Protein chains: 4
Amino acid sequence: MGHEPARPAVSRHHGNRHGRSERARQAVLEAADDLVAAKGFAGVTMEEIASSAGVAKQTVYRWWSSKTDVLMDAFLQDAAEHLTPADTGDLDRDLRVHLRQLADFLSHSDPGAVFKALIGHAQHDQTFAAAFRARFLDEQRQRDRLPLDRAVQRGQISADLDVAAELDQMVGPIFYRVLVTGESVDADFTDHLVDGFFSRRPSTPPA
Amino acid sequence: MGHEPARPAVSRHHGNRHGRSERARQAVLEAADDLVAAKGFAGVTMEEIASSAGVAKQTVYRWWSSKTDVLMDAFLQDAAEHLTPADTGDLDRDLRVHLRQLADFLSHSDPGAVFKALIGHAQHDQTFAAAFRARFLDEQRQRDRLPLDRAVQRGQISADLDVAAELDQMVGPIFYRVLVTGESVDADFTDHLVDGFFSRRPSTPPA
Amino acid sequence: MGHEPARPAVSRHHGNRHGRSERARQAVLEAADDLVAAKGFAGVTMEEIASSAGVAKQTVYRWWSSKTDVLMDAFLQDAAEHLTPADTGDLDRDLRVHLRQLADFLSHSDPGAVFKALIGHAQHDQTFAAAFRARFLDEQRQRDRLPLDRAVQRGQISADLDVAAELDQMVGPIFYRVLVTGESVDADFTDHLVDGFFSRRPSTPPA
Amino acid sequence: MGHEPARPAVSRHHGNRHGRSERARQAVLEAADDLVAAKGFAGVTMEEIASSAGVAKQTVYRWWSSKTDVLMDAFLQDAAEHLTPADTGDLDRDLRVHLRQLADFLSHSDPGAVFKALIGHAQHDQTFAAAFRARFLDEQRQRDRLPLDRAVQRGQISADLDVAAELDQMVGPIFYRVLVTGESVDADFTDHLVDGFFSRRPSTPPA
DNA sequence: TATTAAACGAGACGGTACGTCCAGTCTTAGC
DNA sequence: GCTAAGACTGGACGTACCGTCTCGTTTAATA
């Protein structure tokens, strides 16, 4: 990214009495982003994040407790926007667009790569897993279900639908392919998932 | 575990001209299994695997290149048996049993914990990811589709079924819950997935 | 040795911005001295130096590049004092005392043992040999010739004496016995060397 | 050297019941010589000696106990010839030639380099030092004193001469320069030593 | 205006584990 | 019985990061 490759002419910040340096915070998050994109999760170290950000190691540790903590913050800062489903009033269309967006995010974007790294780390760190769910996954799940919730509100689909279960059946296969099998996830695949959703409730034709 | 806690009376092996020591190989794999169960993935080190196995560190490195390489071997040795679907001739029943088994394996078993750790590691190591797929996931996927393949052969379900896609829609949500949301996966959930499979093809009623 | 066996009450040093820890430096040098005296050159390892000094291995490597580098520093710190010739104004006496001192240092003292080890190492490491000469031997040679230089200045002996060559004929045999033949070097032997020196210039009787 | 870089067409020796393989013995000693000349003492390993000699490591250990043991044997095999003083009946001449030969051997020859390495090792291994003296140095010292002994026998010099002490005063400075100061030792220097010897006994002019 | 305390840079520190290297031992099969 | 081959134990090597700590500087709110 652009990330102001040359530090601004603004005189360097050296701390002050009330509160942290915003400059340092941004520099750390951007360095973390850049590094994980360039060298992958395992290739990033706290020491390099600090030196790339032009910041003392202690400053990183003052505000974040670990590499994954930094990466989670960096991820949160620019991830949500990619994953908010649109609302056109047309459930079928909204679902298809959203699933394609999700698949593309996971498969091809830089923050998607960070996301996979964080999910990976969560597999061997329960504490981190809980934090990641609390700070990102729960919200993301709320966003994912928005199209279905709105369709229920509009009366387009039955109110006694188990929204969470249906959602899992649609997004689950995408995550499965990305995290487990490593196959690419194209529009045919995501559209097929939407087809499956509608075919499970024949009484409510798509529009 | 069984893992013969006391070494057998057989005299110690010190190398010979015709290949590696089977005793050392088993000891390493068992030590790795035990350690990862006891202290989790991150708590295991090559040094401790070696010393627990009563083996020199160099002997571990002679045959495996990294901790994950050892764990993959250890996992392969006792994992496949847990995940082979039965064949009763009844597709509905076979699917339900298999998915419950899969969910239980992932959620509650020791090798399931190792599996999650390995999948986690695969998220930040492309080389390992490829190796893990080649040595385990591809075969597992063959096993997963056995019930459907057999039903096709028996003429129970249409021959033009996209078996891979249907499979992803059934197992995907399970992996999603285990790896991403961390929710428990009970029989209701897996049965619901089977229901969904059949409801997508009304012309072929179960039984 | 003195080596302040109990660490001073001063609180532990953990690094600061103004360079290295003097405490760590001293502890390493003392540990090296003690270990080489206790177990000989070959029995000393960097790891044990570090742990004996209560210091991290990396701290040793930060400031010294090898075991011999540490030992050279340790040797320099307490060696020079043993080898500075006295100045009584009496050449004959000064020479005899100095050669006895040199022989005793090489044969019986702890730093003498370190010296022999370092000279030994210099035989198979040219880089170290050059460093050892630059940091110790050249200066020692200056000290060795002091008695002769002073006698020349006093007019006691001819000004056209080849001081370096005469010196080699006196100290050379001592080093030869210590390093090569391993024989003991007693006062008779060193006195005989001084006799030889004077007998080579009969016109200048020893006072 | 020739050292049969390609193994000869002669069928390889694989052991027999009639004592050790002379072929293996020679190959090991030659490999050791070549390696120490090519890479220095520290760069030689038992493993490389064995593989360079086309011999199993165990075969080396069967006949020699350590690297220095091999090198000592290799050295002994071709060293003595360089260091035997001639006998022309002329003491002055014999001494000058022998000291020059000694200086040249130590300073410039390949076996001289091995010699220095072995003397170096002797500084930190008492056991080896004793062995080296027993197997080489004592004999060499006998050879060194031959010219003086013969001159005594011929009545050229006084019979009550302390031959050993005089010898040390001549060879000592050479070893001192080679082992300690690292200076070159030219003919002027060795001749000066001989001059010193004669000037210490004016009643016995050279020739 | 001077004081003061938080945040900062720099970087040395005690540690842990890494992955490599070599020494020296042992076993087996071939000649 | 000696050999080649090579797997084995054991242990030091030197490196890389970890997370902690100290030092002296910068800064802005307080006094």
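Numbered from 1 within each chain, the chains take letters A, B, ... in sequence-line order. These numbers were taken from a predicted model, which means no experiment stands behind them.
Contact annotation: D:T59 reaches the phosphate of F:dA4 (side-chain N/O to OP1 or OP2, under 4.0 Å). Of the side-chain N and O atoms in B:W63, none sit less than 4.0 angstrom from OP1 or OP2 of F:dG6.
Taking 3.5 Å as the limit, the base of E:dG11 and the side chain of A:K57 contain no donor-acceptor pair of atoms between them.
Regarding C:K39, its NZ atom lies at a distance of 12 Å from the C1' atom of F:dA12, rounded to whole Å. Atom-to-atom, CZ of A:R25 to C1' of E:dG9 comes out at 20 Å; the value is rounded to the nearest Å. Atom C1' of nucleotide E:dC21 and atom NZ of D:K67 are separated by 13 Å, given to the nearest angstrom. Following rounding to the nearest Å, A:L35 (CG) and F:dC17 (C1') show an atom-to-atom distance of 15 Å.
In the set E:dA12, F:dG10, F:dA4, F:dG10 carries the atom at the smallest distance from any side-chain atom of B:Q58.
Less than 4.0 Å separates DNA chain F from at least one heavy atom of each of the following residues of residues 43-52 of chain C: C:T45, C:M46, C:E47.
With DNA chain E read from its 5' end, the first of the two nearest nucleotides for C:R62 and B:Y61 is the one closest to C:R62.
Looking at heavy-atom distances under 4.0 Å, A:W64 makes no contact with the nucleic acid at all.
For C:R20 and C:W63, the positive end sits near the middle of the six-membered ring, less than 6.0 Å away and at most 45° from its axis.
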